[in-house]
Amino acid sequence: MTHDQQAAPLIDTSVPHSARMYDYWLGGSSNFAADRSLGKAFEEAIPSIRTMALENRRFLGRAVRYMAAEAGIRQFLDIGTGVPGAGDTHSVTEIAAPDSRVVCVDNDPIVQAHTKALMENQASGRTIYLASDMREPHQLLAEPALTSHLDLDQPVGLLLVAVLMLVKDEQDPWAGVGVLLDALPPGSHVAITHPSQDFNPQAMAEIVEAAERGQMTLVPRDREQVQRFFGDWELIEPGVVPVMGWHPQDGPPSDPNAAYYWSGVARKRS
Ligand SMILES: C[S@@+](CC[C@H](N)C(=O)[O-])C[C@H]1O[C@@H](n2cnc3c(N)ncnc32)[C@H](O)[C@@H]1O
């Protein structure tokens, strides 16, 4: 899928899309035949893919709660937010920090449609949705809706959860993330998850092939490549670790490598 096609305002349900496949694995209903078909192909290569999607979502919750409780963060910028649903940034902050403001960014029209409905039903107006593309970070940061909702002189919790694998190397996602990190003040935090071939190279190769057949970009990255996204920010202990092993809530998981994502949270130094 080309950049132009992804940015198009029309919903093309004949082409599988990451947001809707993820929604399918999480048990949602905002998905179509093409999404389910490629979602099942991924599942054949990685039978635990639904658990992986769920574990990724759980990490998002733990990271947001950490930022709110430990760092006092009250504004969140969630890029690649996905179809709204249980355990998303809006609902986690509703409980963990209801006085916080949230900007959800996504470039998928179906996410846009769902989030518009969410906003219309939201009395507080503390969460807004922005149709924008992380591959254009300067444009994203200059969006009037973003700059009027968030105070970029105060710490921000930036979420790049299960989204960077959708940007090709040649589009230099490290440079794009660098622009975002540079724009945020000290005390800001960033949370990242990223699927990797490090855990099960053969299964990951199979889903990359399936993604190519479905015209979808999917770039797994190794631990060193994922760690580079954090730049010179200070990694919160335990650093870049398997997603199930980052601050697990119910004690150490029996097999932290069962979900093939690297994850981490880092803080911008003063
Ligand atoms: C797998 S979902 C992740 C959802 C959520 N972050 C989570 O982890 O629960 C990836 C999301 O990133 C969005 N996305 C993909 N490329 C993007 C881009 N270039 N800019 C903004 N969002 C993008 C997709 O539309 C999709 O909703």
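Nothing here was measured: the structure is a model prediction, and the numbers come from that model. Indexing begins at 1, ligand by ligand and atom by atom, following the structure's order. Note: hydrogens, waters and symmetry copies are ignored here, and every other heavy atom, side chains too, is used.
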Can you tell which part of Val163 has a heavy atom less than 4.0 Å from ligand 1: side chain, backbone, both or neither?
-> side chain

Considering only heavy atoms, which of Leu140, Leu166, Asn107, Val167 lies nearest to atom 23 (C) of ligand 1?
-> Asn107

Can you tell which of Pro137, Ser18, Gly80, Ala19 gets a heavy atom nearest to atom 6 (N) of ligand 1?
-> Gly80

For ligand 1, which atoms sit closer than 4.0 Å to a heavy atom of Ala162?
-> 1 (C), 2 (S), 3 (C), 8 (O), 10 (C)

Judged by non-hydrogen atoms, does Ser132 sit under 4.0 Å from ligand 1?
-> yes

Where's the contact between Thr81 and ligand 1, heavy-atom distance under 4.0 Å: side chain, backbone, both or neither?
-> backbone

Regarding Arg50 and the six-membered ring of Phe42, is the cationic atom NZ or CZ under 6.0 Å from the ring centre and inside 45° of its axis?
-> no

Distance-only, no hydrogens or angles: does the Glu136 side chain make a donor-acceptor pair with backbone N or O of Asp133 under 3.5 Å?
-> no

Gln202-Glu206 side chain donor-acceptor pair, cut-off 3.5 Å = yes

Apply salt bridge (Lys or Arg N to Asp or Glu O under 4.0 Å) to Glu43 and Lys40, showing your working.
-> CA-CA 5 Å; Glu43 209 169 353; Lys40 281 176 193 152; over 6 Å; no

Which of parallel (below 30°), tilted (30 to 60°) and perpendicular (above 60°) describes Trp246 and Tyr66?
-> perpendicular

Distance only, no hydrogens: is a donor on one side chain within 3.5 Å (strictly under) of an acceptor on the other, for His194 and Arg221?
-> yes

Output the list of atoms in ligand 1 that are nearer than 4.0 Å to some heavy atom of Asp108, sorted by atom number.
-> 25 (O)

Check ligand 1 against Met134 and write out every atom of the ligand that is under 4.0 Å from a heavy-atom position of the residue.
-> 18 (C), 19 (N), 20 (N), 21 (C)

Determine, for Asp151 against Arg101, whether the closest basic-nitrogen to carboxylate-oxygen distance falls under 4.0 angstrom.
-> no

Could you go through the salt bridge (Lys or Arg N to Asp or Glu O under 4.0 Å) check for Arg20 and Asp108 one step at a time?
-> CA-CA 9 Å; Arg20 304 189 294 257; Asp108 177 33; 3.7 Å; yes

Could you tell me whether Met21 approaches ligand 1 through its side chain, its backbone, both or neither, with non-hydrogen atoms closer than 4.0 Å?
-> neither

So the atoms of ligand 1 within less than 4.0 Å of a heavy atom of Arg135 turn out to be 19 (N)

Check: of Asp78, Asp106, Leu159, min heavy-atom distance to atom 27 (O) of ligand 1 comes from Asp106

Part of Arg57 with heavy atoms under 4.0 Å of ligand 1, whether side chain, backbone, both or neither = side chain

